[in-house]
Peer 1: 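I'd like to ask you about the structure that follows.
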Number of protein chains: 2
Amino acid sequence: MRLSTRGHYGLKAMFDLAQHYGTEPIPLKSVAVRQNLSEHYLEQLIARLRKAGLVKSVRGAQGGYILAREPGKITVGEIIRALEGPIAPVDCVKEVEPKECNQADYCISRIVWTRVRDSIAEVLDSISLADMCRDAEKIHHQNRDFDQKRGG
Amino acid sequence: MRLSTRGHYGLKAMFDLAQHYGTEPIPLKSVAVRQNLSEHYLEQLIARLRKAGLVKSVRGAQGGYILAREPGKITVGEIIRALEGPIAPVDCVKEVEPKECNQADYCISRIVWTRVRDSIAEVLDSISLADMCRDAEKIHHQNRDFDQKRGG
DNA sequence: GGAAATCCGAGTATTTTAGTATGAATTGAA
DNA sequence: TTCAATTCATACTAAAATACTCGGATTTCC
């Protein structure tokens, strides 16, 4: 029940772009440095995100990537699906093209996995990049206040 | 975001044992036939379940496996954790021994994965084998009624 | 004793993961 | 116009995980 690094790293990258939304295109190299990820590997991930229409690229010097829509209009669910494919604890309950199983009529575990799938999707689809940015702001302030109290 | 066959098949096996709860020990071979799984592979899965205290074994001829507790007292969550380890979309939010990450203080995606983890756990921990047996009964009746109406 | 089972450890083909490597194409700026 | 920064594309690969199979030892009912 584990995400691969594609979804894990890809979300970090998209969050990074969200935090710089509204400025110039962000080169992947700077994302890689800030998020401590391999630049070459990130290239492959961002390619999927571009093909899914979630980011736009600007080629050449001073180029980079920008979100295709404002952060409030991109959900974590879209990002994860673009990177990892349809959400599905098991293949027979995939969101699209579920794999047919000859026991489908009476398979009870299917009911369990459908509920798990829906519960995951509900969480992921309810969180936007803008939400994450707000969380980041909050934590930033908390940390600052904490440091001040300690006399830092 | 996918379960391995361990959790997938293991739950089917436990459900099979639940449906036969209260009778003699059930040999793995019959479980394998009914659920259409490899017997040898099931052996490995049931070993984990036994070590986790979810099933008891009876060795020798006429032996087999029985649930260690009544079906209402065994949740899907326990079964999945026994087979797949702690629930964790990513390692840094594992239910036990989360893997430390040097960005933990300000990593926002962690918040997302914690919510996903909790949401999965809530579903799995809320479903018992007895619940699954009830669902099976319901579906069985539905199918029978449907067949009758069709004049089967 | 023999058959039916569990128990145990080793082996293995395939797939997935998590990248690396190489280089071509594009474009802003000096 | 050249250079450097950047995206884009494809191929490759080491390591790990997956999903088993295999062989045999042990236990126990009949």
Side-chain angles (χ1 to χ4, degrees), chain A residues 1-13 16-17 20 23-33 35-68 80 83-85 88-91 99, chain B residues 1-13 16-17 20 23-33 35-68 80 83-85 88-91 99:
Chain A
M1 209 61 143
R2 187 162 291 138
L3 208 69
S4 77
T5 55
R6 282 197 296 278
H8 189 181
Y9 297 173
L11 178 59
K12 286 192 178 201
D16 193 289
L17 294 185
H20 294 86
T23 65
E24 338 77 57
I26 310 297
L28 216 47
K29 183 167 190 172
S30 70
V31 174
V33 168
Q35 304 294 326
N36 193 29
L37 304 169
S38 149
E39 184 188 348
H40 276 304
Y41 190 38
L42 258 193
E43 275 182 14
Q44 295 179 24
L45 307 186
I46 203 101
R48 293 183 187 227
L49 294 165
R50 183 169 47 81
K51 283 166 190 159
L54 296 175
V55 299
K56 285 180 199 159
S57 66
V58 178
R59 300 189 68 168
Q62 275 65 52
Y65 293 92
I66 52 178
L67 296 183
I80 295 306
L83 291 164
E84 306 252 346
V90 299
D91 277 344
K99 192 174 156 199
Chain B
M1 208 64 145
R2 187 163 290 136
L3 208 69
S4 77
T5 55
R6 283 197 295 279
H8 189 181
Y9 297 173
L11 178 59
K12 285 190 181 205
D16 194 287
L17 294 185
H20 295 86
T23 67
E24 338 75 59
I26 311 296
L28 216 46
K29 184 167 190 172
S30 70
V31 175
V33 168
Q35 303 294 327
N36 192 30
L37 302 171
S38 148
E39 184 187 349
H40 274 304
Y41 190 40
L42 259 192
E43 273 182 15
Q44 295 180 21
L45 307 186
I46 204 100
R48 293 182 187 228
L49 294 165
R50 183 170 47 81
K51 282 165 193 162
L54 296 175
V55 299
K56 285 181 199 160
S57 64
V58 179
R59 300 189 67 169
Q62 276 66 51
Y65 293 91
I66 51 178
L67 296 183
I80 295 304
L83 292 163
E84 306 252 346
V90 299
D91 278 343
K99 192 174 156 197

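Per chain, numbering begins at 1; letters A, B, ... match sequence-line order. Computed from heavy atoms alone, side chains included, the values below leave out hydrogens, waters and symmetry copies.
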Peer 1: Can you give me the N/O atom pairs linking the protein to nucleotides 12-19 of chain C at distances under 3.5 Å, or say none if there are none?
Peer 2:
residue: C:dT17; atom: OP2; partner: A:Arg6; partner atom: NH2; Å: 3.3
residue: C:dA18; atom: OP2; partner: A:Thr5; partner atom: N; Å: 2.8
residue: C:dA18; atom: OP2; partner: A:Thr5; partner atom: OG1; Å: 2.8
residue: C:dA18; atom: O5'; partner: A:Thr5; partner atom: OG1; Å: 3.3
residue: C:dG19; atom: OP2; partner: A:Tyr9; partner atom: OH; Å: 3.0

Peer 1: A:Glu43 CD to C:dT26 C1': how many Å, rounded?
Peer 2: 14 Å
Peer 1: List the residues meeting side-chain hydrogen bond (donor to acceptor under 3.5 Å, both in side chains) with B:Ser4, not counting sequence neighbours, and say none if there are none.
Peer 2: B:Glu84
Peer 1: Encode nucleotides 1-6 of chain D as B, S and - characters from 5' to 3', where the letter depends on protein heavy atoms closer than 4.0 Å: B to the base, S only to sugar-phosphate, - to neither.
Peer 2: ----BB
Peer 1: Using whole Å, what does the distance between atom C1' of nucleotide C:dT6 and atom CD of B:Glu39 come to?
Peer 2: 10 Å
Peer 1: Using salt bridge (Lys or Arg N to Asp or Glu O under 4.0 Å) as the criterion, list what pairs up with B:Arg2, not counting sequence neighbours.
Peer 2: A:Asp91
Peer 1: Looking only at heavy atoms, which two atoms of A:Thr5 and A:Leu45 are closest? And how far apart?
Peer 2: O-CD1, 4.4 Å
Peer 1: Rounding to a whole Å, what distance do you find between A:Leu45:CG and D:dA9:C1'?
Peer 2: 15 Å
Peer 1: Set out, in order, the CA-CA distance, both residues' side-chain angles and the distance that settles side chain to side chain contact (heavy atoms under 4.5 Å, CB included) for B:Glu43 and B:Leu28, then state yes or no.
Peer 2: CA-CA 7 Å; B:Glu43 273 182 15; B:Leu28 216 46; 3.8 Å; yes
Peer 1: Of all heavy-atom pairs between B:Pro25 and B:Ile66, which one has the smallest distance, and what is that distance?
Peer 2: CA-CG2, 3.6 Å
Peer 1: Taking the side chain as C-beta and beyond, is there a heavy-atom pair between A:Ile26 and A:Val31 under 4.5 Å?
Peer 2: yes
Peer 1: Regarding B:Ser38 and B:Tyr9, is there a side-chain donor-to-acceptor distance under 3.5 Å anywhere?
Peer 2: no
Peer 1: Distance check needed: C:dA10 C1' versus B:His40 NE2, whole Å only.
Peer 2: 13 Å
Peer 1: For A:Gln35 versus A:Asp16, what's the shortest heavy-atom pair and its separation?
Peer 2: NE2-OD2, 2.8 Å
Peer 1: Nearest whole angstrom, please: distance from the C1' of C:dT6 to the CG of B:Leu49.
Peer 2: 15 Å
Peer 1: Side-chain atoms of residues 48-59 of chain A: list all donor-acceptor pairs with protein atoms under 3.5 Å, sequence neighbours left out, distances to 0.1 Å.
Peer 2:
residue: A:Arg48; atom: NH1; partner: A:Leu83; partner atom: O; Å: 3.3

Peer 1: Rounded off to whole Å, could you give me the CD1-to-P distance for the B:Ile66 and C:dT6 pair?
Peer 2: 12 Å
Peer 1: Rounded to the nearest angstrom, tell me the gap between atom CG in B:Asp91 and atom P in D:dA16.
Peer 2: 14 Å
Peer 1: Tell me whether the side-chain N/O atoms of A:Arg50 come closer than 4.0 Å to OP1 or OP2 in D:dT7.
Peer 2: no
